[in-house]
Amino acid sequence: MEKFKIEGGRPLAGDITVSGAKNAALPELLCALLTDEELRLSNVPCLRDVKTSLRLLEMMGKRCSFDPERGEVSISGAVTSHVAPYDLVKTMRASILALGPLVSFCGHAEVSLPGGCSIGARPVDLHIRGLQEMGAHIDLDGGYIHAEAVGGRLHGARIVMDKVSVTGTENLMMAACLADGTTVIENAAREPEVVDLADCLRMMGAHIRGDGTATVEVQGVQRLCGGSHRVVADRIETGTYLVAAMATHGVITCHDSCPFALDAVLSKLRSGGAEVTVNGSSITLDMRNREIRPVDITTAPHPGFPTDMQAQFTVLNALACGTGSITETIFENRFMHIPELIRMGARLDIRGNTVICSGPAALKGAQVMATDLRASACLVIAGLAASGTTVVDRIYHMDRGYERIERKIGALGGLIERVGD
Ligand code: EPZ
């Protein structure tokens, strides 16, 4: 199993170009199921989950091409299978995003229940209930969701989401595009990736408004066309590199980013003592000769502080001079990086869904194990900030969401190499 070997203690300095957002690319790849015409996506990151999504689309009969160097994807052709099999869905939960488009465009779908993952149970009841309100008949049998649009076509509905769900909002928004009538999604997710998906769907001919707010309204149309869309920049990748530069007292500029999507994160970086300046689509963070101050964070749906940045900020709080706290409100088990950070010398104390961080800790390199995508990013940052050598195991988690990470960190002066068993 591949590992990262990191030599810590060197400030990161330089420029990176931010990749396209994983969590926008995944729904936008699957919205190709809403038309037989060619959908072309650019700025698509070269990630495991992107390749998994393309494999799923091909299993359903789509013709797919991907140029990873240019970040360009083309998807076309008719759907010949309506099944998203367990063996694939178990490797990528976001496969659930095939459900809404398939039921809406083809009238039926069989999608494996994704099951939980290391950060939580990850139910999909809100996806299912919303589709039922739109006229889908749904059976859960043998670990699969069997969905049928009664009468062959979904109809509009007013759906009130019990919880804010990003992919739940995305699935129902996609399904509503071809439904008969108007769908209103209340308590919708407001994440920038939801807005980018809506932009892609509008380009295809969908009538959507209110995306980015808690109320999304979709006027169903008879058909959607193909076309071209550029995937929005990855705000979580951007935040991850900004934290890495801060933790190593370096200076970094992230180009082609989307600062407007990072207000809560930039605010906490400044509170933590960093000098952060925004110039168009570039964000510069300077932490040279500056002291890290502890911050108090509570994760929340956008525009609140993103749960996907919680683990990375735990490293900053471990290094900070003083006591900070981080409260996780979205997922029930997103502290698995904590024991690994403690093994590196961090002083962290979990109390329910809050971790109290007492710094400053002089982190020391160690052998650590990644458990999920953002936990692996946190351990890489800790290794870069620690003295000595850190070996991060199970880095396949990292490859799901960070494009060419060792090349980007190496270009910033970090010493990181991918090693086999
Ligand atoms: C999306 O996951 C992201 N994934 C996650 O990013 C991100 O952490 C999460 O949103 C929150 O921002 C993608 O976009 C592919 P949710 P998603 O539905 O949609 C509960 C990463 O690291 N819930 O917004 O699966 C759920 O248990 C990944 O890039 C239900 O109860 O998350 C959670 O407590 C990790 N029933 C809360 O809602 C449902 O039907 C928010 O989950 C759906 C969700």
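A quick note: this is a predicted structure, and the numbers were derived from the prediction, not measured. For ligands, and for the atoms within them, numbers begin at 1 and follow the listed sequence. For reference, positions follow the sequence shown, starting with 1.
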For each nitrogen or oxygen atom of ligand 1, which protein N/O atoms lie closer than 3.5 Å, and how far apart are they, rounded to 0.1 Å?
| from | atom 1 | to | atom 2 | distance (Å) |
| --- | --- | --- | --- | --- |
| ligand 1 | 2 (O) | R122 | NH2 | 3.4 |
| ligand 1 | 6 (O) | N23 | ND2 | 3.2 |
| ligand 1 | 6 (O) | D308 | OD2 | 3.1 |
| ligand 1 | 8 (O) | D308 | OD1 | 2.6 |
| ligand 1 | 8 (O) | D308 | OD2 | 3.4 |
| ligand 1 | 18 (O) | S165 | OG | 2.6 |
| ligand 1 | 19 (O) | T167 | N | 2.8 |
| ligand 1 | 19 (O) | T167 | OG1 | 2.6 |
| ligand 1 | 22 (O) | R334 | NH2 | 3.3 |
| ligand 1 | 22 (O) | R374 | NE | 2.9 |
| ligand 1 | 24 (O) | V166 | N | 2.8 |
| ligand 1 | 25 (O) | R122 | NH2 | 3.0 |
| ligand 1 | 29 (O) | K22 | NZ | 3.1 |
| ligand 1 | 29 (O) | N23 | ND2 | 3.0 |
| ligand 1 | 29 (O) | R374 | NH2 | 2.8 |
| ligand 1 | 34 (O) | I330 | O | 2.6 |
| ligand 1 | 36 (N) | D125 | OD1 | 2.8 |
| ligand 1 | 40 (O) | P123 | O | 3.3 |
| ligand 1 | 40 (O) | D125 | N | 3.1 |
| ligand 1 | 40 (O) | D125 | OD1 | 3.3 |
| ligand 1 | 40 (O) | L126 | N | 2.8 |

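- Within the structure, ring-ring contact (aromatic ring centres under 6.0 Å, His included) contacts touching residues 52-84 (residues at least two apart or in different chains) are H82-H108.
- Remark: N333 pairs with M336 by the side-chain contact (heavy atoms from CB on, under 4.5 Å) rule, at least two apart or across chains.
- Checked by atom type, the side-chain pair D256/T17 shows no donor-acceptor distance below 3.5 Å.
- Results of the salt bridge (Lys or Arg N to Asp or Glu O under 4.0 Å) test with E237 over R404, K408, R374 single out K408 as the only residue that passes.
- Judged as a ring-ring contact (aromatic ring centres under 6.0 Å, His included), and not counting sequence neighbours, the contacts of F313 are F305.
- With no hydrogens or angles considered, a side-chain donor-acceptor pair links T215 and E186 at under 3.5 Å.
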